[in-house]
Amino acid sequence: MEHPAVEIDMGRNVDVGRIVQEAQSAIAAVSDLDALARLRNSLLGKGSALGMARSSLGKMAEDARRSLGAAIEGARKEIEQSVDQQRKVIEEKARILRIEADRLDLTEWTEAVASQRGHLQLVQRTRDELEDVFVGMGFDVVEGPEVETDWYNFEALNIPPAHPARGMWDTFYLRLGDPETVLLRTHTSPTQIHVMESGELPIYAVMPGRCYRRDTPDSRHLPAFHQIEGLVVDEGISFANLAGTIEDFTGAYFGSGMHSRLRPSYFPFTEPSAEFEVTCAICRGEGCRTCSHTGWIELGGCGMVHPAVFEAVGIDTERWSGFAFGFGIDRCAQMRYQIPDMRVLQENDYRWMRQI
Ligand code: FA5
């Protein structure tokens, strides 16, 4: 659009055409949206050349005011249009960059891809590492079923029907047999019962596997997660053996400088029961947001096997005693690899997985 230079009073000229031209070259040079918004304000705001010309309109004669007013309005529209066009150009460039960064070409088999080695998923790797540590401490590895009966998951563990402790585990029941008799195990503790039922004593076993709870996923919970259970039954086993085993495991798995502590707790299948916590791997015990500034993170539960459990599987409590523990493998991976949100462990996002 052609813009005549319009004369304002006292001989000052406003060259609207030049203002538009200069504005358009400045707009074309901008490459991010924030800078574009700032430039738009400086081109159209009160302090801009157009803004100042607009404020001088009031003092002008009728004819001159009309023609300069129209020219200013035309210039404003042209500048707005150029800003809009440049905004689209910037957004399109950003979109292309984003698509390029997210591109996964699964069909392309280049030498670079051929030389990349895959690796185990992090939870599986953590489970393997934990098994190695316990095998090194003299434990056997035993697996149990994920679908359990109420007896193994609850009753044999001293949790009869309607016991208030059932509320500690929000359970997925299966439509099999009588209502609420078959379920997805809520913890690995029922495998203790299978191992003790097999009748071979003494027992030094760890039992890893998947568990299920009606838990809402969040940064520290998943509805399908993994635990590793430990069970020792022998003559003369005491709480000191339990505490020593947990401390040895903590040092062997997390490294030197990491310690464990036991705090009184309640589980129906152990007496006394404890929660065990380990030094927060993120702050090394100094206190941070992840450990709520305590320097410790809860990993699992433990305690001396309750006499009612021994009775359920027919083990003579006069001769044998034992301890058990159970903790989250996903929680362990989260701490060892400092993962703020556990949900990434199940999202299978290739970009995240290949970093680990
Ligand atoms: C139990 O499951 C007991 N069976 C542990 C036990 C075994 C106690 C033997 C005594 C003797 P709890 O519900 O606190 O306890 O779970 C133990 C650990 O499993 C938790 O500390 C956490 O690390 C992990 N865990 C529990 N629920 C979830 C979940 N929804 N997502 C991820 N990890 C979980």
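One is the number of the first residue; the rest follow in order along the sequence. We count ligands from 1, going down the list as the structure has it; atoms in each ligand are counted the same way.
Ranked by closest heavy atom to atom 8 (C) of ligand 1, the top entry among Cys332, Gly301, Pro268 is Gly301. When the options Arg185, Met168, Arg213 are ranked by their closest heavy atom to atom 13 (O) of ligand 1, first place goes to Arg213. The residue from Trp169, Phe325, Phe267, Phe323 that puts a heavy atom closest to atom 14 (O) of ligand 1 is Phe267.
Shown in contact with Glu229 at under 4.0 Å from a heavy atom are these atoms of ligand 1, numbered in order with element: 7 (C), 9 (C). Distances below 4.0 Å separate heavy atoms of Gln227 from the following atoms of ligand 1: 1 (C), 2 (O), 16 (O), 17 (C), 18 (C), 19 (O). Ligand 1 places these atoms under 4.0 Å from at least one heavy atom of Gly300: 21 (O). Every atom of ligand 1 with a heavy atom of Gly328 under 4.0 Å away is listed here by number and element: 18 (C), 19 (O), 23 (O), 24 (C). Interface atoms of ligand 1 facing Ser189, defined by a heavy-atom separation under 4.0 Å, are 4 (N), 7 (C). Atoms of ligand 1 lying under 4.0 Å from at least one heavy atom of Arg331, given by number and element, are 22 (C), 23 (O).
Distance CD/Glu91 to CZ/Arg98: 9.0 Å, rounded to 0.5 Å.
Checked against a 3.5 angstrom limit, the closest N/O atoms of Asp215 and ligand 1 fall inside it. For Thr270, no nitrogen or oxygen atom sits less than 3.5 Å from a nitrogen or oxygen atom of ligand 1, counting backbone and side chain alike. Taking any N or O of Leu222, backbone or side chain, at least one lies under 3.5 Å from an N or O belonging to ligand 1.
Arg336 forms no cation-pi arrangement with Phe254, by the criterion of a distance under 6.0 Å to the ring centre and an angle within 45° of the ring axis.
Using a 4.0 Å cut-off between heavy atoms, Phe269 contacts ligand 1 through its side chain alone, with no backbone atom that close. Of the heavy atoms in Thr188, none comes closer than 4.0 Å to ligand 1. Within the 4.0 Å heavy-atom criterion, the part of Cys302 lying near ligand 1 is the backbone and not the side chain.
When only modelled atom types and interatomic distance are considered, Tyr152 and Glu197 share a side-chain donor-acceptor pair under 3.5 Å. Between the side chains of His293 and Glu286, not a single donor N or O lies within less than 3.5 Å of an accepting N or O.
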**Request:** Report the C-alpha distance between Glu247 and Ser260 in whole Å, list the side-chain angles of each, state the deciding distance to 0.1 Å, and finish with yes or no for side chain to side chain donor-acceptor pair (under 3.5 Å).
**Result:** CA-CA 5 Å; Glu247 179 67 7; Ser260 60; 2.6 Å; yes

Pair up each side-chain donor or acceptor in residues 299-319 with any protein partner under 3.5 Å, not counting sequence neighbours, and list the distances.
unit_1	atom_1	unit_2	atom_2	d
His306	ND1	Ala308	N	3.0
Asp316	OD1	Glu318	N	2.8
Arg319	NH2	Glu235	OE2	3.2

